[in-house]
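Order of the sequence lines sets the chain letters (A, B, ...), proteins ahead of strands, with each chain counted from 1. Since the structure is predicted, the reported quantities are computational estimates derived from the model, not experimental observations.
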Amino acid sequence: MEETLAKSYEPKSVEEKWYKYWIDRGYFVSHSNSDKPPFSMVIPPPNVTGSLHMGHALNNTIQDILARYKRMDGFNVLWVPGTDHAGIATQNVVEKMIAKEGLNRHHLGRKAFIERVWKWKEESGNTIINQLKRLGCTCDWTHERFTMDEGLSRAVKTVFLTLFKEKLIERDNRLINWCPRCETALSDLEVDYEEKNGSLYYIKYFFAQDPSNFIVVATTRPETMLGDTAVAVNPEDKRYKDMIGNELILPLVNRKIPIIADNMVDKDFGTGAVKITPAHDFADEQTGKRHNLAFISVIDRKGKICDPSPQKYIGLDRFEARKLIVEDLKEQGFLHKIESYKHSVGHCYRCKSIIEPLLTLQWFVRIKPLAEKAVEAVRSGKIKIIPEQWENNYFKWMENIQDWCISRQIWWGHQIPVFYCPDCDGDKIFITMRENQKDTSRLTGTYYDFKKEGLSFEKIIEDIDYYLILSGAKPIPEGENCPRCNNSNLIQDPDVLDTWFSSALWPFSTLGWPEKTKDLELFYPTSVLVTGFDILFFWVARMIMMGLKFMGDVPFRDVYIHALVRDASGQKMSKSKGNVIDPLIIMDKYGTDAFRFTLTALAAQGRDIKLSEDRIEGYRHFVNKIWNASRFVLMNIKDYVPQAEHMDEKNLSLFEIWILKKLNQTILEVRESYESYNFNNAASAIYKFLWNDYCDWYIEISKLRIEDDAVKYILWHCLITALKLLHPIMPFVTEEIYSKLPQTTESIVISSFPVADEKFISKNIDEVDHFIDIVRSIRSIKSEMNIQPALKPKTSLFIEEPSKLYIKDFGKYVEVLARCELAFSDKKLEKVKGAAYAYVSGVDIWVNLEGMINVSDEINRITKEIKKTEKDVEFLSKRLSNEDYLRNAPEAVVEDDKIRLENFREKLKKLNDNLNFLKEL
RNA sequence: GGGUGGUUAGCUCAGCGGGAGAGCGUCGGCCUUACAAGCCGAGGGUCAUAGGUUCAAAUCCUAUACCACCCACCA
């Protein structure tokens, strides 16, 4: 085999070529019939609207490293890819599109709009998938899923139904976070809080009995006063104690409201008196419930003031209303004062609009019972979160978890599988379910008398004049009638489920659940989940709860939480800041391998990544270095056919043993690093081996013995092994080189991952390290004395210690690597005129500079060296004279110190002798 | 208000109990036939501050300061 490499590496064409090759050969496809141990992961499904950003790039690079590593290491790997339908985000995208045609979704109607979204999905939803391929991801594309595809929809319905049946899902009228722009409810997690400079308005509320007296309350949201139903004070507050139970007249509205006592009030904040608006504030909702206050909604779903407010405010936007109300209060003498005040305000995580707490009818998951088991799974170690510090965060959140509002008033998503009959009247709810696909019988079911059963949403039922029918795994067929009144006009609940509801099922729904599939049996629980911490609660926690609930087992054994990618100055990347680095541009510019390596090298556990292009460029040089080293190897081994017997120890010189030791240490380290998710460590170990050991020393040395088959073999062997270690991080360039090397299998993707050979690791080969020190020493003298590198000064070595005689064998290597003309002296050279001196453990080195030496330069050089050595000697002798140290430190450490001290003393003595000699001149 | 992480060379970051490391940048010298996207050499740090534990601390503990982030019913 004779192949050569192009002068330089061209990532673009190579990457395309190999990705296609891998796909064609089906390397990424998992096997349901295989003796190999399974290794499985599910991708955190990117939004179908998405385009690859740095977060995806890091996340998927890490997963791909694991997938490739495990595949090479003999596992049956399944990495499930897919996308998320991303309810609000996707709906927003398509709404923007049709807005260009002057339309909104209501013009189209629900059905047509959804068709439009599907069409958009078919046309553009593949962007991110293609970008993942570009990144080199080895997902099993035959397993690709979408959170709204048929199977997953079935899973969603089944889960909904089961939870409903078990009374873990309920419908209730509660205060929820409402986005007036998206016109939908949001869960607590979907609200981003931001510090804002606002004002604190102090308003006078006059007593009903005594119109000359008033209480001052402070609020940041004066417009909500229209819905006030009380003023609360702390029961311990002396100022107000006697007023509790009195009534106040609500300004502008002229409604009477009571003064109540509640411990939630902080005596020292504001005036110590708080207006209570149960229908528009979460804290007030609790207070309102405790005191049985009326809930009066004065803001509607569009964020406008509504009935029952004074006529003049109705229809005004909440912020316009605020202005007007403050003006009116001022005019009518109710405004006490305004202070500027900084507080945090909730914003919609999709559109950034300010959230309005609204009282609405929504579906909730009663999540506490599910959370308890999920906490236990982590506490008991069934799930390991890495890095461990995140476990605390997880526990904190799970232990304070609130009911999960799962209904959204949008159109794109899993429509809630509940049907109402508008013709029946309802003090009862009729529930029917189809639990399996094949059930085509007429709807029959059970009446649940919720009043009798005392369910918490009983009060709601009175508001619904319908019967409630839950459809099972199968949608209710067209033309199905109400089982009670035979009405054929069943109405499905118009709301859709929170996107995260379907994501929570991802680890098992993608494997075929609720069917009992082979995939589930083989690959569930998945081995590891790789994700960013930003969705620990959104997603990870919920998957754990759902997995435990429906599979009876954890969804994954390890959760590896990686950092966030930030820009070079540590800012979060965002379009509005304009600091986004586009991974696709980076891949075009530097190649995918350099990019992936950069992410990996920077991906230290528990620390955010500050990404700068300089860094990527630096690692592109590394790609180039590997490329060129490989060129060297290919050029030199030519038509040599590697044969294992050339690696017999009898054929190997110390150099071969040395590089094999380094290689095997690297294998060990890389394996350990991959196994423990210390990817940066693996990257740096390979980098050091390839560049600093293999290229800088072994290749240079090998040039002198390139005719030796053992050398050729070791060059080949080390290169191929290092390529395999590196392949999970840099898939493309390693495959390209691998394919050109002789004696390789059809692809590095399916080659076997190297196993360290203890035999070489335990080898003691100080000789080569000693040799390297000598070469460095001579180079240093030449450089510091300003000798042209091309000049070869006469250099004499005197080997003082017989145990170091092996250096003689290294003579020609010293000559070439240090560029000098070497001679071994049989006797000690006391003083050599015109030569610079160095001492390297047991060896005197004289570099003859043939009159070019400047005595004062040499004195300076040696003086510097002496100072350094003196420090060493001082440090060590001080430590070795400390009795406590001698008593307590491990013996090996002490022994090592003793030897080092001896060496330094010897060196110091030699250097001083020489300094004295120089001074005599 | 509660919590987590960070503070190490000019910059970006590893190291997390045994004499301070890497990449980039800087300085000096080299086109040495794999690589100038390179090679060789050099300089540069009381490891945020103050205490403590230890024979030994960048590393463990306790405070403090500053910088990030997360959580919370901050009226």
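Residue contacts for A:Thr271: at a heavy-atom cut-off of 4.0 Å it reaches no nucleic acid atom on any strand shown. Looking at heavy-atom distances under 4.0 Å, A:Asn392 makes no contact with the nucleic acid at all. Residue A:Glu391 is out of contact with every strand shown, counting any heavy-atom pair closer than 4.0 Å. Residue-level contact check: A:Asp872 touches the bases, meaning some heavy atom is under 4.0 Å from a base atom. Nucleic acid contact class of A:Phe282 (heavy atoms, under 4.0 Å, all strands): none. Using a 4.0 Å heavy-atom cutoff across all strands shown, A:Asp281 reaches no nucleic acid atom at all. No engagement by A:Lys196 is indicated, since no non-hydrogen atom pair under 4.0 Å with the nucleic acid exists. As judged by a 4.0 angstrom heavy-atom cut-off over every strand, A:Glu883 is placed among residues making no nucleic acid contact. Counting any heavy atom pair closer than 4.0 Å across all strands shown, A:Val265 reaches a base atom. Using a 4.0 Å heavy-atom cutoff across all strands shown, A:Leu536 reaches no nucleic acid atom at all.
Between B:C73 and B:G5, the two C1' atoms lie 27 Å apart (nearest whole Å). Taking the P atoms as reference points, B:G51 lies 32 Å from B:G43, given to the whole Å. Look at the C1' atom in both B:G10 and B:U53: the space between them is 35 Å, to the nearest Å. Across B:G45 and B:C61, the matching P atoms stand 29 Å from one another, rounded to whole Å. Spacing of C1' atoms, B:C35 relative to B:C39, comes out at 9 Å, to the nearest Å. The C1' atoms of B:C47 and B:C60 are separated by 15 Å, rounded to the nearest whole Å. Atom name C1', nucleotides B:G41 and B:U49: the rounded distance is 37 Å, in whole Å. The gap from the C1' atom of B:A48 to that of B:A42 amounts to 29 Å, rounded to the nearest Å.
Side-chain atoms of A:Asp696 lie closest to B:C39 of the nucleotides B:C39, B:G41, B:C35. Checking B:C73, B:A34, B:C35 against every side-chain atom of A:Asn624, the shortest atom distance belongs to B:C35. Side-chain proximity of A:Arg776 to the nucleotides B:G18, B:A34, B:G41 is greatest for B:G41. Of the candidates B:A34, B:A37, B:C55, the closest approach to any side-chain atom of A:Ala889 belongs to B:C55. Closest approach to the A:Lys625 side chain among B:C73, B:C35, B:G18 is made by B:C35 (side chain taken as heavy atoms from C-beta onward). The side chain of A:Asn882 sits closest to B:C55 out of B:U4, B:A42, B:C55. Considering only the side chain of A:Glu195, B:C74 comes nearest among B:A34, B:C74, B:C69. Across B:C73, B:C70, B:G18, the shortest atom-to-atom separation from the side chain of A:Val893 is found for B:G18. The A:Arg879 side chain lies nearest to B:G18 when the options are B:C73, B:G18, B:C74. Of the candidate nucleotides B:C70, B:C74, B:C73, B:C70 has the atom lying nearest to any side-chain atom of A:Asn393.
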Quiz item: Could you go step by step and tell me if A:Asn692 and A:Tyr687 meet the side-chain hydrogen bond (donor to acceptor under 3.5 Å, both in side chains) rule?
Solution: CA-CA 8 Å; A:Asn692 303 127; A:Tyr687 185 98; over 6 Å; no
Quiz prompt | salt bridge (Lys or Arg N to Asp or Glu O under 4.0 Å) assessment of A:Lys289 paired with A:Glu285 | solution = CA-CA 6 Å; A:Lys289 279 186 177 162; A:Glu285 182 199 23; 3.7 Å; yes
Self-check item: Candidate pair A:Arg705 and A:Tyr813, rule side-chain hydrogen bond (donor to acceptor under 3.5 Å, both in side chains), full reasoning
Solution: CA-CA 10 Å; A:Arg705 300 163 46 238; A:Tyr813 302 99; 3.3 Å; yes
Self-check item: Step-by-step ring-ring contact (aromatic ring centres under 6.0 Å, His included) determination, A:Tyr590 to A:Phe597
Solution: CA-CA 11 Å; A:Tyr590 301 100; A:Phe597 194 87; over 10 Å; no
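Note on A:Asn888: a side-chain N or O is less than 4.0 Å away from OP1 or OP2 of B:C55. Phosphate proximity of B:U4 to A:Lys396: absent, as no side-chain N or O sits under 4.0 Å from OP1 or OP2.
Between the CD atom of A:Glu874 and the CZ atom of A:Arg879 there is a distance of 13.5 Å, given to the nearest 0.5 Å. Put simply, OG1 on A:Thr277 and CG on A:Asp228 are 4.0 Å apart, with the number rounded to the nearest 0.5 Å.
Toward the 5' end of RNA chain B, the nearer of the two residues A:Ser684 and A:Ser8, judged by each one's closest nucleotide, is A:Ser684. Between A:Lys7 and A:Phe904, the residue anchored nearer the 5' end of RNA chain B, judged by the nucleotide with its closest heavy atom, is A:Phe904.
Taking atom CG of residue A:Asn681 and atom C1' of nucleotide B:C13, one finds them 13 Å apart after rounding to whole Å. B:G3 atom C1' lies 14 Å from atom CZ of A:Phe533, rounded to whole Å. The distance between atom CG of A:Asp693 and atom C1' of B:A22, rounded to the nearest whole Å, is 14 Å. Distance, A:Ile609 CD1 to B:U12 C1': 12 Å, rounded to whole Å. Distance CG (A:Leu564) to C1' (B:G5): 13 Å, rounded to an integer number of Å. A:Glu700 places its CD atom 12 Å from the C1' atom of B:U33, with the value rounded to the nearest Å. Atom CD1 in A:Ile781 sits roughly 11 Å away from atom P in B:A42 (whole-Å rounding). Regarding A:Asp266, its CG atom lies at a distance of 12 Å from the P atom of B:G1, rounded to whole Å.
Taking 3.5 Å as the limit, the base of B:A72 and the side chain of A:Gln402 contain no donor-acceptor pair of atoms between them.
Geometric assessment of A:Lys337 against the ring of A:Tyr202 yields a positive cation-pi assignment under the 6.0 Å and 45° thresholds. Seen from the ring of A:Phe689, A:Lys662 does not count as a face-on cation partner, given the 6.0 Å and 45° thresholds.
Side-chain atoms of A:Asn234 and A:Asp266 include no donor-acceptor pair closer than 3.5 Å.
In this pair, A:Trp397 and A:Phe537 present their aromatic rings parallel. The plane angle is below 30°, not in the 30 to 60° band. By the 30° and 60° cut-offs, the orientation of the rings of A:Trp627 relative to A:Tyr9 is tilted.
A salt bridge is absent between A:Glu891 and A:Lys898; no separation between the charged side-chain nitrogens and carboxylate oxygens falls under 4.0 Å. Salt-bridge formation is not detected for the pair A:Asp693/A:Lys688: no Lys NZ or Arg NE/NH1/NH2 atom is positioned less than 4.0 Å from an Asp or Glu carboxylate oxygen.
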Practice problem: Go along nucleotides 23-30 of chain B 5' to 3' and tag each nucleotide: B for a protein heavy atom under 4.0 Å from its base, S when only backbone or sugar atoms are that close, - otherwise. | Solution: S----BSS
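For RNA chain B, the stems formed by at least three consecutive Watson-Crick or G-U pairs, with both atom-pair distances below 3.5 Å, span B:1-7 with B:65-71, B:10-13 with B:21-24, B:26-30 with B:38-42, B:48-52 with B:60-64.
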